[in-house]
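Following: one structure in structure tokens, then a few remarks.
A, B, ... follow the sequence lines: proteins, then strands. Residue 1 opens every chain. Values below: all heavy atoms of this structure, side chains included; hydrogens, waters and symmetry mates excluded.
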Protein chains: 2
Amino acid sequence: MADEVSLAVSTVIFALRPHPRTRRPVLWIPLVRRIRAPHQGTWALPGGPLAPDEGLAASAARNLRETTKLAPSYLEQLYAFGSLDRAPTAAERTVSVVYWALVRADEAEAGVETLNVRWVVADELPELAFDHALIVEYALWRLRNKVEYSRIAAAFLGETFTLAELRAVHEAVLQRTLDPANFRRQMEASGRLVPTGEFRTGGRHRPAQLYRHDESIELADNGPLTGL
Amino acid sequence: MADEVSLAVSTVIFALRPHPRTRRPVLWIPLVRRIRAPHQGTWALPGGPLAPDEGLAASAARNLRETTKLAPSYLEQLYAFGSLDRAPTAAERTVSVVYWALVRADEAEAGVETLNVRWVVADELPELAFDHALIVEYALWRLRNKVEYSRIAAAFLGETFTLAELRAVHEAVLQRTLDPANFRRQMEASGRLVPTGEFRTGGRHRPAQLYRHDESIELADNGPLTGL
DNA sequence: CGAATAGTGTCTTTGAGACAGTATGAC
DNA sequence: GTCATACTGTCTCAAAGACACTATTCG
């Protein structure tokens with residue numbers, strides 16, 4: 001065991017894109033290939049050591065940008081992992097502060113995929129390095145919980161959207177269909193939606209009203225930590 | 001700014017004891033007096049550097065034991081704090097992984113209070129060092145949320161308890177009175193309570209049935225992180 | 001007996017969900 | 001007109017809360 005503890009920041013980045021087979025929207029995350037031991041060659045979460053002159057969230061945002069060329073539309077701390085057995089074969093003891101982030105689908109389309117960066121469906125992961133499989137599972141659990149009682153789903157959409165588009169995000173995250181009528185009433189009752197008076201035309205059906213979110217309401221309620 | 005980041009673990013420790021004036025049960029936390037700069041002489045959360053051969057939770061449990069002579073009946077990670085402006089005057093950059101813990105009232109009575117350790121009412125704090133006031137506020141918010149949808153209140157009680165005792169814990173944490181009839185039904189409907197068939201006598205009224213919690217149910221649902 | 005708390009019954013309100021029905025633009 | 005989806009109405013059920021009532025023990 002080493003006599004020093006090093007500190008790293010990693011990020012679980014979610015985007016919504018169609019499943020390669022079903023074409024239905026599902027969650028994707030980018031992975032990076034490890035280029036050194038331990039676990040050399042296997043896939044891992046993007047991340048790296050914390051720079052001394054940089055905050056934790058800033059570090060997460062930076063290595064998100066470096067691996068995906070994207071800026072997060074939502075970023076939240078997930079957990080600090082620091083068990084002794086995280087990397088049994090490693091010489092170095094590392095504590096990882098992990099963040100999770102949401103990026104917009106259209107931006108994720110533009111995201112580069114290189115030899116060492118690969119986007120995969122979040123429920124169909126390859127084998128991951130260290131305890132990263134557990135970390136992704138936990139991030140998915142948090143996202144699925146939080147989408148039910150906050151307006152973070154907005155982070156996957158643009159400025160304005162129809163109720164059908166918002167519902168599609170919820171359905172993709174929760175992996176079940178939702179009743180359109182009841183979903184509409186819940187969203188209206190939440191007081192977070194503002195009708196714009198504009199309509200989305202183009203489908204072969206009645207045009208749908210466009211909404212935007214009330215931006216005075218935080219994406220998620222983090223209590224006293226708001227804005228940290 | 002230093003060119004190294006040091007890692008510390010701190011803990012917000014909650015106990016239920018009567019308020020000095022009202023005698024109604026309220027939340028208390030122990031503070032330690034800082035014996036070195038910065039903020040020398042002011043009160044702070046118990047904590048210290050992470051030992052290289054110790055897990056994060058183990059470190060929290062250790063310095064909880066060292067300051068209070070107690071073992072936690074509940075321990076959960078709160079947040080990792082690492083902004084650059086946490087300690088503007090400090091030469092050293094520190095990231096703190098903060099835990100929060102619950103200890104039993106009877107044990108807290110026995111907890112030592114020395115010159116450098118002082119128990120204070122959680123809603124009537126003195127001025128605290130660094131960002132510790134924000135940290136306590138966040139811990140209180142988490143506790144008050146979690147008591148409503150988990151069985152962590154049990155961590156303040158002994159093996160068996162009456163519904164009135166359990167309700168008193170909820171009332172103290174939430175700072176409002178609860179209807180005894182509705183509280184009873186909610187607890188019974190939760191499926192977490194097991195009647196023991198024994199009764200608590202001694203009051204000048206009908207004896208109350210003693211319950212215990214179903215120990216196959218976790219104190220709180222942390223999803224995939226169960227038992228970490 | 002009265003005081004005090006244990007425990008039950010029941011009414012109202014609220015929100016979730018199931019599902020039928022109406023509205024309207026694209027074609 | 002037909003199709004597809006937008007949007008509305010309404011019924012049922014479950015949980016939360018207010019509050020009246022009964023039960024039982026102690027002094």
| query | Does the pair R144(A) and E148(A) meet the rule for a salt bridge (Lys or Arg N to Asp or Glu O under 4.0 Å), with working shown? | reply | CA-CA 7 Å; R144(A) 285 176 174 145; E148(A) 300 207 84; over 6 Å; no
Over 60° means perpendicular and under 30° means parallel, so tell me whether F130(B) and H132(B) are parallel, tilted or perpendicular.
tilted
- Task: For the pair W100(A) and L102(A), evaluate side-chain contact (heavy atoms from CB on, under 4.5 Å) and give the outcome as yes or no after the intermediate values.
- Result: CA-CA 7 Å; W100(A) 62 286; L102(A) 307 183; 4.0 Å; yes
To the nearest angstrom, the CZ-P distance between R184(B) and dG17(D) comes to 17 Å
Is it the case that more than 12 heavy atoms not belonging to E198(B) sit under 6.0 Å from its CD atom? no
Taking only Lys NZ, Arg NE, NH1 and NH2, and the carboxylate oxygens of Asp or Glu, determine whether R200(A) and E165(A) approach each other closer than 4.0 Å.
yes
- Query: If you count the non-hydrogen atoms of other residues, nucleotides and ligands that lie under 6.0 Å from CD in E127(B), is the total more than 12?
  - Reply: no
Review point. Taking 4.0 angstrom as the limit, do E171(A) and R24(A) come out as a salt bridge?
Key: no
Does atom CD of E215(B) have more than 12 heavy-atom neighbours, drawn from other residues, nucleotides or ligands, at distances under 6.0 Å? no
A correct 5'-to-3' footprint of nucleotides 18-27 of chain D, with B, S and - meaning base, sugar-phosphate only and no protein heavy atom under 4.0 Å, is BB---BBBS-
Atom CE of M187(A) and atom P of dC7(D) are separated, to the nearest Å, by 15 Å
In numerical order, the residues of residues 191-200 of chain B whose heavy atoms come under 4.0 Å of DNA chain D are none
When rounded to whole Å, the CG to C1' distance for the pair L178(B) and dA16(D) reads 12 Å
Going by the angle between their ring planes, with limits at 30° and 60°, are H213(B) and F161(B) parallel, tilted or perpendicular?
tilted
Test side-chain contact (heavy atoms from CB on, under 4.5 Å), reference E188(A), set R192(A), Q186(A), R184(A), output is R184(A)
Contacted region of DNA chain C by chain A, from 5' end to 3' end of the hits, cut-off under 4.0 Å to heavy atoms, spans dA16(C) to dA26(C)
